[in-house]
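Lettering follows sequence order; numbering is per chain, from 1.
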Amino acid sequence: MPELPEVETVRSGLANAIVGRTIRNTSIFHHRAINPKSEFDFAILEGQKVISVGRRGKFLWIRTQGSLNLVAHLGMSGQFLIQPKRKTDEVHLRARISFTKGTDELRFIDQRTFGWLAISGDGPEVPLMASHIARDLFDPEFNTKLVVESILLKKSEIKRVLLDQKVLSGIGNIYADESLWRARIHPQTAANSLTRRQLSNLLRQATAVMSEALAVGGTSFDELYVNVNGQSGYFDRTLAVYGREGEPCDRCGTPIIRISFANRSSHLCPKCQIWPAISAGGTIFENR
DNA sequence: TTCTGCTCCTGAGGGC
DNA sequence: TGCCCTCAGGAGCAGA
């Protein structure tokens with residue numbers, strides 16, 4: 001599942017492959033590949049020269065000379081691949097962008113169709129369609145103190161807050177679990193019950209774990225994430241809790257457990273990450 | 001205004 | 001072998 005390190009790996013690969021090239025043609029093969037909020041028709045990209053590839057959190061965009069942005073979200077299974085034109089189409093090919101020169105093309109592939117593309121005009125800092133999300137931890141202007149204060153206003157479980165892209169962007173289920181394990185915080189702890197020191201440490205751990213993942217090309221937990229050249233990342237080999245249910249915790253040896261959380265899974269060490277005496281919402285649980 | 005739960009979607013895997 | 005069910009989860013929306 002692409003989160004910030006994976007999207008940054010894709011952004012970097014795209015920048016190397018398509019900046020400076022002129023778009024010849026665009027083709028869309030599935031209606032769900034286009035976000036209904038797209039401000040323009042895709043044909044408007046034809047003849048536009050790519051000048052940069054940007055990213056905030058899990059959103060990325062291809063900016064053209066005419067101040068247009070092809071904004072993309074990879075969802076759960078979206079992939080951008082640079083492929084030879086002669087290569088057979090992938091089963092889940094959703095869109096194709098060809099260029100005026102070169103023997104390759106850009107393909108958007110998405111098995112589960114949660115990803116999307118859209119054309120958006122420029123906003124003050126980022127394209128309008130990505131302007132509603134908060135800065136991510138890799139943003140040079142990310143302000144830890146401000147984010148800590150905003151988290152302290154939340155009564156929800158800390159994991160839900162970490163996944164809220166309007167609080168801070170880029171963190172998904174895998175890195176939320178890994179960050180909470182490193183910070184020794186139970187995912188169901190009420191956000192406003194944590195101290196400023198704990199929250200600062202949590203953000204530091206989240207930055208560290210995602211930096212380490214980025215250095216090895218991201219996490220390829222299954223075949224749903226590859227970079228633009230079709231290669232997998234290697235961070236799944238060093239995950240501490242995600243996908244390790246029943247295996248011993250690297251710190252204390254206690255078996256990792258998986259709990260159901262907001263329609264998805266949370267992985268944690270029940271010894272290192274103490275069950276909160278009072279969880280979010282005020283329900284009382286016992287330590288276990 | 002804030003919080004919570006549901007929905008969208010597809011393919012893999014397990015059970016019968 | 002084939003059918004059915006469950007699971008995976010990002011983001012937006014509706015309802016409380």
Side-chain angles (χ1 to χ4, degrees), chain A residues 1-8 10 29-38 55-61 71-80 90-95 108-118 120 126-134 136 149-180 187-193 206 210 218-226 236 239 241-246 257-268 278-283:
Chain A
M1 279 62 75
E3 301 182 30
L4 193 156
E6 293 75 42
V7 178
E8 173 56 25
V10 170
F29 304 113
H30 193 289
H31 71 282
R32 276 178 59 89
I34 304 301
N35 188 311
K37 294 178 182 171
S38 182
R55 180 193 58 76
R56 172 174 282 186
K58 302 173 209 170
F59 288 70
L60 60 83
W61 55 87
V71 183
H73 194 292
L74 301 179
M76 284 184 64
S77 54
Q79 301 173 348
F80 274 119
E90 293 75 7
V91 175
H92 302 107
L93 178 65
R94 307 306 188 198
F108 180 64
I109 296 140
D110 190 12
Q111 179 197 96
R112 296 184 187 169
T113 67
F114 278 23
W116 51 259
L117 307 172
S120 178
V126 300
L128 290 173
M129 287 204 63
S131 60
H132 61 293
I133 65 165
D136 62 64
E149 293 305 318
S150 70
I151 293 175
L152 283 169
L153 295 174
K154 304 285 186 183
K155 298 174 187 171
S156 304
E157 299 141 315
I158 184 62
K159 182 169 176 183
R160 182 179 271 273
V161 176
L162 280 183
L163 296 175
D164 185 345
Q165 306 298 301
K166 295 186 182 72
V167 177
L168 76 164
S169 62
I171 298 180
N173 206 41
I174 295 175
Y175 296 114
D177 280 0
E178 294 297 311
S179 307
L180 288 163
Q188 289 177 294
T189 309
N192 62 359
S193 71
M210 290 198 292
T219 300
S220 296
F221 202 75
D222 47 30
E223 294 175 353
L224 297 182
Y225 162 70
V226 291
D236 58 312
L239 291 173
V241 284
Y242 187 85
R244 291 192 56 203
E245 183 183 9
I257 62 169
R258 182 171 66 92
I259 61 174
S260 179
F261 166 86
N263 282 343
R264 59 209 58 192
S265 295
S266 276
H267 299 78
L268 62 123
I278 299 178
S279 76
T283 310

For this session: Inspect the contact between A:K58 and A:D136 and indicate whether a charged nitrogen and a carboxylate oxygen are less than 4.0 angstrom apart.
Result: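 No.
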For this session: For A:R94 and A:A33, work out which heavy atoms get closest and say how close.
Result: CB-CB, 3.7 Å
For this session: Considering non-hydrogen atoms only, spot the tightest contact between A:E3 and A:I174 and give its length.
Result: OE2-N, 2.9 Å
Report yes if at least one side-chain N or O of [X] is closer than 4.0 Å to OP1 or OP2 of [N]; otherwise report no.
X	N	answer
A:H132	C:dG12	yes
A:S156	B:dT4	yes
A:K58	C:dA11	yes
A:R258	C:dA8	yes
A:H92	B:dC9	no
A:S265	C:dA8	yes
A:Y175	C:dG9	no
A:Q165	C:dA11	yes
A:K154	B:dT2	no

For this session: Using heavy atoms to find the nearest nucleotide of DNA chain C for A:K37 and A:E3 separately, return the residue whose nucleotide is more 5′.
Result: A:E3
Problem set entry | Of the listed nucleotides C:dA11, C:dG10, B:dC3, the one nearest the side chain of A:K155 | B:dC3
Seminar exercise, completed: Considering only heavy side-chain atoms of A:K166, the closest of C:dG12, B:dT10, C:dG10 is C:dG12
Please state how far atom [atom1] in [X] lies from atom [atom2] in [N], giving the value in whole angstrom units.
X	N	atom1	atom2	result
A:Q79	B:dG11	CD	P	13 Å
A:D164	B:dT4	CG	C1'	12 Å
A:L117	C:dA11	CG	P	15 Å
A:W116	C:dG10	CH2	C1'	11 Å
A:I259	C:dC7	CD1	C1'	17 Å
A:H73	C:dA11	NE2	P	3 Å
A:Q111	B:dC9	CD	C1'	10 Å
A:R32	C:dG10	CZ	P	15 Å

For this session: Mind running side chain to side chain contact (heavy atoms under 4.5 Å, CB included) on A:H92 and A:D110 for me, showing each step along the way?
Result: CA-CA 6 Å; A:H92 302 107; A:D110 190 12; 5.8 Å; no
Problem set entry | Backbone N/O of A:V71 and side chain of A:S120: donor-acceptor pair under 3.5 Å |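 Between the backbone of A:V71 and the side chain of A:S120 there is no qualifying donor-acceptor contact (under 3.5 Å).
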For this session: Quick one: label A:R160 by what it contacts on the DNA or RNA (base, sugar-phosphate, nothing), any heavy atom closer than 4.0 Å.
Result: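 The answer is base, as A:R160 lies within the cut-off (heavy atoms under 4.0 Å) of a base atom.
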Problem set entry | Ring centres under 6.0 angstrom apart (A:F59, A:H132) | yes
For this session: Identify whether a stacking contact exists between A:F114 and C:dG9, where the ring centres must be under 5.5 Å apart and the planes under 30° apart.
Result: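 Taking the rule of under 5.5 Å and under 30°, the ring of A:F114 does stack on C:dG9.
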